[in-house]
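Encoded as structure tokens, the structure appears first; notes follow it.
Predicted model only: the values in this text are computed from it and were never measured. Here is the naming used below: chain letters follow the sequence lines, and residue numbers restart at 1 for every chain. All values below come from the heavy atoms of this structure, side chains included, with hydrogens, waters and symmetry mates left out.
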2 protein chains.
Amino acid sequence: MSKAVSQAVDALRQLIFSGSLSPGSDHLEGELAEQLKISRTPVREALLVLEGQGLVTLRPRKGARIRPVSTTDMAEIYDVLTELESLAAADAAHAKLSRARLWPLFDAIERMDKALARKDRESWALADDDFHSALVALGNNSRITMIAQMMSDQVRRARMVTLHMRPLPTRSNDDHRAVADAILAGDAETARTLHHAHRRAAKKMLITLLETHHLKCV
Amino acid sequence: MSKAVSQAVDALRQLIFSGSLSPGSDHLEGELAEQLKISRTPVREALLVLEGQGLVTLRPRKGARIRPVSTTDMAEIYDVLTELESLAAADAAHAKLSRARLWPLFDAIERMDKALARKDRESWALADDDFHSALVALGNNSRITMIAQMMSDQVRRARMVTLHMRPLPTRSNDDHRAVADAILAGDAETARTLHHAHRRAAKKMLITLLETHHLKCV
DNA sequence: GCATATATTAACGTATACATTAAGCGCTGT
DNA sequence: ACAGCGCTTAATGTATACGTTAATATATGC
């Protein structure tokens, strides 16, 4: 991927995640090219990449549609993340890593603690993302890393909606700590099981929130 | 993705899977365009898609490199498939599907039996693919379906090497039948566990074969 | 007045022309 | 002879021009 194209990808991702390009909206190649001050060619290539990442769908003469993530989409995504992150946790434990190597995990947990103390949901969400991506990285499977990143991107957008609906996730960090401890102890099966349960609970919470949200919106 | 581009994608995939474009080889956009009798633009777009699918890597001035799949790549891929297919098996069982809905599964098993009786490894491989993709489809998670397809594509290439090295996989079909029966019985945990074990065994076998193959080649 | 056919147009899809860049090669100077 | 500089060149990356197609609107016939 060339420089300008990856810049375009980044710019479009930014616009999508910031909500400037809202889910469900259509955007013509020409308009996007004009906005980004480049020609249609790199825009087309960027859109193809984003389509591959599941962020947009390309439809002839309708432009690029920013893909809305439905409740069933979220369920699918969480199921994938549940399995793959749990494997990563098991693999990380199996690797018998030093405490130093696990620093990103414990650091994220600490930041979540602090954010919770300040009732700062945004900071908590960022640290939570960091925990999960650090966990996946420790699993040392590049395909899982890539897939998890794609899926997390889509989750992130839905969380914008739910972040302020839910109670402060104070108990969630107990889960994180337990998983990290199991990994440090080299107990693969415990790490896997705990993380699996953690993700399943998170899924259930999110789905419930989204459903009540949809009820309010309709 | 437009018609010509998807034709180009299909054509290139064909060339890759048939071995005409051998792993590790480099190919300039211009050459490929000439071969396919189209201009560079759709070729570029097709290559971007294939890069997203992990089949090629694009490097400026070196052309598109057909990605070789190393032993560690195969290990990564099998780990992903193991987790996601096992979840699909569990979900399929949970859905309490009728025997009619499970026909693709049992049909694939039957075809594998026949192929084994004829010692026809190619037919067996095709039916095995069918079994696994049918299983994933029954899981009813579009993301898992997509990921599994991508990963299977890469497995398929490596199997060309190993297909004639291994003993006829006569016992493998017992696994398949047990998984299918568990799904039919609606026993999710059994289906999951059995399939998980099946895939882990397959991974171990494949890795061993690839390693001895590399030894012979070096 | 409605339906159908046709014309217009706007957006996409493809080709091509042009700019950019990096790799290889040769030249020159020490 | 060797090192460093610059030129050539070939391939990519970007822009633009052109062909294609589908949607919309209008006109005509029933």
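- Taking every heavy atom of residues 22-35 of chain B and every atom of DNA chain C, no pair lies under 4.0 Å.
- To the nearest 0.5 Å, atoms CD (B:Q35) and CG (B:L15) are separated by 6.5 Å.
- Between A:K37 atom NZ and D:dA15 atom P there is a gap of 13 Å when expressed in whole angstrom units.
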Audit row: A:S172, A:D175, side-chain hydrogen bond (donor to acceptor under 3.5 Å, both in side chains) steps and yes/no: CA-CA 5 Å; A:S172 156; A:D175 292 351; 5.5 Å; no
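- Considering only residues two or more places apart in sequence or on other chains, B:R65 meets the side chain to side chain donor-acceptor pair (under 3.5 Å) condition with B:D26.
- B:D128 has a carboxylate O that lies under 4.0 Å from a charged side-chain N of B:R159, or vice versa, which qualifies the two as a salt bridge.
- In the region residues 41-58 of chain A, proximity to DNA chain C at under 4.0 angstrom, judged on heavy atoms, holds for A:R44.
- Not counting sequence neighbours, the partners of A:D113 by the side chain to side chain donor-acceptor pair (under 3.5 Å) test are A:N173, A:R177.
- Evaluation of the salt bridge (Lys or Arg N to Asp or Glu O under 4.0 Å) rule for A:D79 yields A:K203 as partners, not counting sequence neighbours.
- Checked against side chain to side chain donor-acceptor pair (under 3.5 Å), B:R156 has the following partners two or more places apart in sequence or in another chain: B:D129, B:D153.
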Every protein N/O lying under 3.5 Å from an N/O of nucleotides 6-8 of chain D:
none

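- Among pairs with a residue in residues 123-143 of chain A, those fulfilling ring pair (Phe, Tyr, Trp, His ring centres under 6.0 Å) read A:F131-A:H176, A:H132-A:H176, A:H132-A:H195, A:H132-A:H198, at least two apart in sequence or across chains.
- Here B:R118 pairs with B:D120 under the salt bridge (Lys or Arg N to Asp or Glu O under 4.0 Å) rule; sequence neighbours left out.
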Base versus backbone protein contacts along nucleotides 18-25 of chain C [heavy-atom cut-off under 4.0 Å; B, S, -]: --BBS---
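- Inter-residue side-chain proximity for B:L12 and B:L47 is flagged as met; some heavy-atom pair is nearer than 4.5 Å.
- Take A:A191 and apply the side chain to side chain contact (heavy atoms under 4.5 Å, CB included) test, not counting sequence neighbours, and it matches A:A89, A:A93, A:A182, A:I183.
- Each side-chain hydrogen bond (donor to acceptor under 3.5 Å, both in side chains) pair with one or both residues in residues 45-57 of chain A, not counting sequence neighbours, appears once here: A:R13-A:Q53, A:E45-B:R44.
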